[in-house]
Amino acid sequence: MGIKNINNGADLQDTASKNAGCKNAELFDFDIEQLKKSKCNFLIGTDEAGRGPAVAPVFAAAVCFKKHSEEIIQKLNKLNDSKQITEKARLALYPLIKENAVYSIQTVDEAMIDRINILNATCEAMKNACMDVVRQLKTTCIVLVDGNNKIRGYEFPQRTVIKGDAKSASIAAASILAKVERDNLLIKLDREFPMYGWKNNKGYLSQEHIKAIKKYGITKYHRKTFVRNILDNLNIEQQKLKLV
């Protein structure tokens, strides 16, 4: 049985009405409406994880649900913004999203973040993820981008959606894939450098993390531009000690 093309108006209306009672059907309905307006064949949602932390790459995911069946919507009934659901729910949804979507997860590492800044790095990761999905689909797509910044250098149709991870099924799914992948990496890196507490703080500059930087210095995984103030202040403190 072939995959139903969701750019069919009659099928779209039927799918939306059948699933009106499902908990998160409105997320899929939002995508359906955006796809109909675009006149493209498929819709891709993209989101990032790891813009704020001081450690490790920034992750971006792109997700396209090629069909919006009742079965898929029910399977993903807990789908929501990755920040609004529990870690347990994210881990449960992660394989289901992969099984039912065309997707890509891309990263830009900490060295490149320091070189081109985090906004440009995030755009690059999103662009690469979306382009990879487009290559897999081999047809015209509209991309929904979480937030209010369009992807620079992306030549295909795109729309920004503020708080899109709470409105769009594909963006919400992308937010989950990106976050789970990044959290898994931080757990792995924590085994290498347990003194920084990355397993718990996920690389954000918590008090524990800052104290560890002051005591042990930075690692190869730190974004130097994110910890520059800490290092500068530490250098000043050390200079004062030498003068005493």
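What you see is a predicted model; the values in this text were computed from it and never measured.
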Taking only residues two or more places apart in sequence, or in another chain, which ones meet Lys127 in a salt bridge (Lys or Arg N to Asp or Glu O under 4.0 Å)?
Glu124
Do Val227 and His209 make a side-chain contact, defined as non-hydrogen atoms from C-beta onward lying under 4.5 Å apart?
no
Using a 3.5 Å cut-off and no angle test, enumerate the donor-acceptor pairs between side-chain atoms of residues 45-55 and protein atoms at least two apart in sequence or in another chain.
| residue | atom | partner | partner atom | Å |
| --- | --- | --- | --- | --- |
| Thr46 | OG1 | Ala61 | O | 2.9 |

Membership question, hydrophobic clusters at under 4.5 Å side-chain separation (ILVMFWY): are Tyr204 and Phe59 in the same one?
no
Enumerate, atom names and distances included, each donor-acceptor pair closer than 3.5 Å involving a side-chain atom of residues 172-180, sequence neighbours excluded.
| residue | atom | partner | partner atom | Å |
| --- | --- | --- | --- | --- |
| Ser175 | OG | Ser82 | N | 3.3 |
| Ser175 | OG | Ala172 | O | 2.7 |
| Lys179 | NZ | Asp183 | OD2 | 3.3 |

Supply the atom-to-atom distance Asn184 CG to Arg182 CZ, rounded to the nearest 0.5 angstrom.
11.5 Å
Taking atom NZ of Lys199 as the centre, report whether more than 12 heavy atoms of other residues, nucleotides or ligands fall under 6.0 Å from it.
no
Please tell me if the side chains of Ile142 and Gln34 come closer than 4.5 Å, counting only heavy atoms from C-beta onward.
no
Tell me if a side-chain donor or acceptor on Asp31 pairs with a main-chain N or O of Ser168 at a distance below 3.5 Å.
no
Linked, directly or transitively: Met195 and Ile187 (ILVMFWY side chains, under 4.5 Å)
no
Lys78 side chain near Lys88 side chain, heavy-atom distance below 4.5 Å:
no
Atom CD1 in Ile218, atom CZ in Arg228: separation rounded to 0.5 Å?
10.5 Å
Taking all non-hydrogen atoms of both residues into account, name the closest pair between Leu27 and Ala166 and its distance.
CD2-O, 3.4 Å
When you compare the side chain of Cys130 with that of Val133, does any pair of heavy atoms fall below 4.5 Å?
no
Donor-acceptor pairs are to be reported for all side-chain atoms of residues 148-158 against protein atoms at under 3.5 Å, with residues two or more places apart or in another chain.
| residue | atom | partner | partner atom | Å |
| --- | --- | --- | --- | --- |
| Arg152 | NH1 | Asn120 | OD1 | 2.4 |
| Gln158 | OE1 | Ile151 | N | 2.8 |
| Gln158 | NE2 | Ile151 | O | 3.1 |

State whether Lys37 and Glu33 are salt-bridged, where the test is any N-O pair (Lys NZ or Arg NE/NH1/NH2 against Asp/Glu carboxylate O) under 4.0 Å.
no
Which pair of non-hydrogen atoms, one from Asn77 and one from Asn24, has the smallest distance, and what is that distance?
O-ND2, 2.7 Å
Side chain to side chain, Phe42 and Val102, heavy atoms closer than 4.5 Å:
no
Checking Asp114 side chain against Lys224 main chain: does a donor-acceptor pair fall under 3.5 Å?
yes
Quick one: do Tyr216 and Leu231 end up in the same hydrophobic cluster if we chain Ile, Leu, Val, Met, Phe, Trp and Tyr together by side-chain heavy atoms under 4.5 Å apart?
yes
Take a 6.0 Å sphere around OH of Tyr103 and say whether it holds more than 12 heavy atoms from other residues, nucleotides or ligands.
no
Do Ile118 and Ile116 share a hydrophobic cluster (ILVMFWY, side-chain heavy atoms under 4.5 Å, transitive)?
yes
Is a salt bridge present between Lys163 and Asp81, judged by a nitrogen-to-oxygen distance below 4.0 Å?
no
Going through the checks in order, is the side chain to side chain contact (heavy atoms under 4.5 Å, CB included) test met by Ile97 and Leu79?
CA-CA 9 Å; Ile97 293 166; Leu79 186 65; 4.3 Å; yes
Worked verdict on Ile213 versus His222 for side chain to side chain contact (heavy atoms under 4.5 Å, CB included):
CA-CA 10 Å; Ile213 291 172; His222 277 95; 3.8 Å; yes
No-hydrogen, no-angle side-chain donor-acceptor test under 3.5 Å, Glu181 and Tyr94:
yes
State which residues pass salt bridge (Lys or Arg N to Asp or Glu O under 4.0 Å) with Glu192; sequence neighbours excluded, sorted by chain then number.
Lys220
What are the two closest non-hydrogen atoms of Leu185 and Pro57, and how far apart are they?
CD2-CD, 3.7 Å
Please name all residues satisfying side chain to side chain contact (heavy atoms under 4.5 Å, CB included) with Gln106, sequence neighbours left out, ordered by chain then number.
Ser104, Asn128, Ala129, Asp132
Using side-chain heavy atoms (C-beta onward) and a distance below 4.5 Å, is Lys83 in contact with Asp165?
yes
When the aromatic ring centroids of Phe65 and Phe28 are compared, is their separation below 6.0 Å?
yes
Kindly assign one of parallel, tilted or perpendicular to the pair Trp198 and Tyr196, based on the angle between their ring planes and the thresholds 30° and 60°.
parallel
Hydrophobic cluster membership, Leu119 vs Ile113, 4.5 Å side-chain cutoff
no
Around Arg159, counting heavy atoms of other residues, nucleotides and ligands shown, do more than 12 lie under 6.0 Å from its CZ?
yes
Taking the side chain as everything from C-beta on, heavy atoms only, tell me whether Leu205 gets closer than 4.5 Å to Ile230.
yes
Where Cys64 and Leu43 come nearest, the two heavy atoms and their spacing:
SG-O, 3.3 Å
Heavy-atom closest contact (Val58 atom, Ala125 atom, distance):
O-CB, 4.5 Å
